[in-house]
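Structure, as structure tokens:
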Amino acid sequence: MTQVYVEDLARHEGEEVLIQGWLYNKRSSGKVRFVLVRDGTGIVQGVVTPDADPQTFELAEHLPQESSLRVWGVVRADPRAPGGYEILVRRIEPVHIPKEPFPIGLKEHGVGFLMDHRHLWIRMRKQVPILRIRDAVFWAIRAFFKERGFVATEAPIIVGTAVEGTTTLFPLDYFGEPAYLSQSGQLYLEATCMALGRVYWIGPCFRAEKSKTRRHLTEFWMAEAEAAFLDHEGNLKLQEDLVRYIVEYVVSERRRELLELERDPEILLREVREPFARITYREAIEIIRSHGVDIAYGDDFGAPAEDALSAHFGRPVFVERYPKEVKPFYMKRDPQDPSVVLNADLIAPEGYGEIIGGSQRVDTEEELLAQLREAGLPLEPYRWYIDLRKWGSVPHSGFGLGVERTVAWITGVNHIRETIPFPRMLDRLYP
RNA sequence: UCCCCGGUAGCUCAGUUGGCAGAGCGGCCGGCUGUUAACCGGCGGGUCGGAGGUUCGAGUCCUCCCCGGGGAGCCA
């Protein structure tokens, strides 16, 4: 007897197999009973007729939703079966039969109810493909950087210094010392790239922002890369290659899941086929205004501004060279125009917002000290970071890609909370 | 922090001018030999978010509070 996963059924047509999973739903038409079994890789329909043993025939009528079970039967193709293949069931063996009804039905539920039951909601039809695509995004990132010779590294989660301003930090007590949860591993990656040349990592970031929108989490995952001897131009090229690689990888590895989510893979491929659009901040302001959004030079972009750019181009767009005032201290000034920095944000298509922020970094001690002072930051906590510019400093650049926003774009889900198993948001810490 | 919407059965919701508390789904029972969130019949199921007020009478009107959702601000 072969134990088989639902995603592999097509390779076992005609064989008797064992499927282990959970009862997703059941239907009956009198003497023909259908059990829909999910196993994490997919859902398959089992057909139970009176030819099965009497106990199995009875179970097919009365097992409650989310019973765990083992199903033995023969795989066969049938156009009436969802997915094209079904199991002619010989025997069902229950593993655990719930004593009370599963809280989440197949009909509609409200968001608050679903979020309160997130630990169970993730079993449902739409959530499983989203989380499988999330997995593919992580693998795509790792495969891309491995192919490019980047070394996987790590940054600490508990830190003593802020990357950005101090308003969005989660404070904690570190044996009596003030400490924070990391907002970004960037500063540490700048150090490791001077040791290893080209580095990346995928790690959690924590922001105590009181943002209550469909694009924000207080705990999210970022894929960050940093490379020595990489300039602004090379940085943009690297980012574009990465994003295209992720989309092509997911479309190739998770096409079935995209279709289950009714996300057209051809639309995604079309969006990344052409070179990404590239405009300066100054040009972006004009385009945003032409779409009727009120914005002044020097403003950072809100959601309406990003959406206007997104709609204007219909493909990913880099917005580069922001005024130095709206960007953090570590970005290198443009030698051609010191009022702007050598940075770029990548705006995803279809209104999914900024998915990458990156820049060339300050690489001389003098500039760094000046920019720290301009930002009104104390020098002492950044002593180690300043050290990096004292010995063998080189031009270097890097960026961070927001994993959840990328997954939201690729899957087409409206709200970022469905792109991570257990979202952490303002006013939501349970489950 | 601000603005908008909402809170009625386990879930999703309806409830007219203030006048008997409702439906669908889920659950249970029954029917149906190809169902696709199956369908058909039957049965149970209520602190109408909380407190106070107006009224002969409040799910419905008023005040305050609590909770949820959407958005803004904020946000590599």
Side-chain angles (χ1 to χ4, degrees), chain A residues 24-36 43-51 57 60-62 64-66 78-84 86 88 98-117 121 124-126 162-165 167-169 182-187 189-190 205-218 220 222-226 239 299-306 322 326-331 341 343-346 353-359 361 397-402 405 414-415 417 425-428:
Chain A
Y24 188 75
N25 190 20
K26 60 184 192 295
R27 293 183 279 267
S28 170
S29 179
K31 296 293 180 290
V32 182
R33 295 169 183 176
F34 302 90
V35 288
L36 273 73
I43 300 181
V44 67
Q45 165 173 287
V47 184
V48 188
T49 70
D51 295 335
F57 191 62
E61 183 74 8
H62 291 291
Q65 187 187 358
E66 285 304 308
D78 190 307
R80 292 167 296 187
E86 62 184 18
L88 182 57
K99 292 184 177 62
E100 49 188 296
F102 191 63
I104 303 184
L106 302 177
K107 299 256 179 176
E108 243 182 320
H109 292 286
V111 172
F113 178 83
L114 289 171
M115 288 301 294
D116 286 342
H117 295 82
W121 183 25
M124 304 307 287
R125 184 158 242 157
K126 186 180 167 193
V163 175
E164 302 306 322
T167 53
T168 64
L169 291 166
S182 174
Q183 302 167 299
S184 161
Q186 182 203 309
L187 301 189
L189 260 63
E190 287 187 56
C205 298
F206 306 87
R207 307 249 171 120
E209 289 154 11
K210 300 224 189 294
S211 300
K212 205 166 126 58
T213 82
R214 63 193 181 91
R215 294 168 178 170
H216 286 86
L217 299 171
T218 53
F220 64 99
M222 193 148 65
E224 303 186 85
E226 200 71 32
Q239 294 169 39
D299 289 349
D300 212 343
F301 298 162
E306 287 181 355
Y322 278 55
V326 300
K327 288 296 173 184
F329 70 90
Y330 52 73
M331 293 185 176
V341 292
N343 83 309
D345 287 350
L346 182 65
E354 178 190 339
I355 55 171
I356 293 184
S359 70
R361 320 302 191 188
S397 303
F399 63 90
L401 173 140
R405 287 185 182 178
N414 181 55
H415 200 299
R417 64 185 160 219
M425 296 179 298
L426 189 63
D427 297 330
R428 179 146 320 257

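Residue numbering restarts at 1 for every chain, and letters A, B, ... go by the order of the sequence lines. Note that the coordinates shown come from a computational prediction; the quantities given were computed from them, not determined experimentally.
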> Roughly how far apart, to the nearest Å, are B/G22 and B/U16 at atom C1'?
Replying inline: 14 Å
>> Please name the nucleotide paired to B/U17 by Watson-Crick or G-U wobble geometry with both distances under 3.5 Å, or report none.
In response: none
> Which comes earlier along RNA chain B counting from the 5' end, the contact point of A/Gly302 or that of A/Gly30, where each point is its nearest nucleotide?
Replying inline: A/Gly30
>> Tell me the closest heavy-atom pair linking A/Gly185 and A/Ser182, and the distance in Å.
In response: N-OG, 4.1 Å
> How would you label the contact of A/Phe301 with the nucleic acid (heavy atoms, under 4.0 Å): base, sugar-phosphate, or nothing?
Replying inline: base
>> Counting the atoms with a prime plus P, OP1 and OP2 as sugar-phosphate, which does A/Arg33 contact under 4.0 Å by heavy atoms, base, sugar-phosphate, or nothing?
In response: nothing
> Any side-chain N or O of A/His415 less than 4.0 Å from the OP1 or OP2 oxygen of B/G70?
Replying inline: yes
> Between B/G34, B/A72, B/U35, which nucleotide has the shortest distance from any of its atoms to the side chain of A/Arg27?
Replying inline: B/U35
>> Regarding A/Asn343, tell me which of base, sugar-phosphate or nothing describes its non-hydrogen contacts under 4.0 Å with the strands shown.
In response: nothing
> Reckon A/Gly105 touches a base, only the sugar-phosphate, or nothing at all at heavy-atom distances under 4.0 Å?
Replying inline: nothing
>> Looking at A/Ser28 and B/C32, is any side-chain donor or acceptor paired with a base atom of the opposite kind under 3.5 Å?
In response: yes
> In the structure shown, which nucleotide is the Watson-Crick or G-U wobble counterpart of B/C61, with both distances under 3.5 Å?
Replying inline: B/G53
> Per the atom types in the model, does the base of B/C75 pair as donor or acceptor with the side chain of A/Thr168 at under 3.5 Å?
Replying inline: no
>> Under a 4.0 Å threshold between the charged nitrogen and the carboxylate oxygen, would A/Arg428 count as salt-bridged to A/Asp116?
In response: yes
> Does B/A9 have a Watson-Crick or wobble mate here (both distances under 3.5 Å), and if so which one?
Replying inline: none
>> If the cut-off is 4.0 Å, is A/Arg215 near the phosphate of B/G70, judged by side-chain N/O to OP1 or OP2?
In response: no
> Quick one: on RNA chain B, does A/Gln65 or A/Glu61 contact a more 5' nucleotide (nearest heavy atom)?
Replying inline: A/Gln65
>> Is the shortest side-chain heavy-atom distance between A/Tyr322 and A/Ser359 below 4.5 Å?
In response: no
>> Parallel, tilted or perpendicular, judged at 30° and 60°: which one describes the rings of A/Phe113 and A/His117?
In response: tilted
>> Regarding A/Tyr24, tell me which of base, sugar-phosphate or nothing describes its non-hydrogen contacts under 4.0 Å with the strands shown.
In response: nothing
>> Need one value for A/Arg361: base, sugar-phosphate or nothing, where a base atom within 4.0 Å counts as base even if backbone is also close, heavy atoms only.
In response: nothing
>> Mind checking if A/Phe113 touches a base, just sugar-phosphate, or nothing, with heavy atoms under 4.0 Å?
In response: sugar-phosphate
> Is the shortest side-chain N/O distance from A/Arg428 to OP1 or OP2 of B/G68 below 4.0 Å?
Replying inline: no
> Under a 3.5 Å cut-off for both distances, is B/C2 Watson-Crick or wobble paired, and to whom?
Replying inline: B/G71
> Is B/G26 paired to anything, Watson-Crick or G-U wobble with both distances less than 3.5 Å, and if yes, which nucleotide?
Replying inline: none
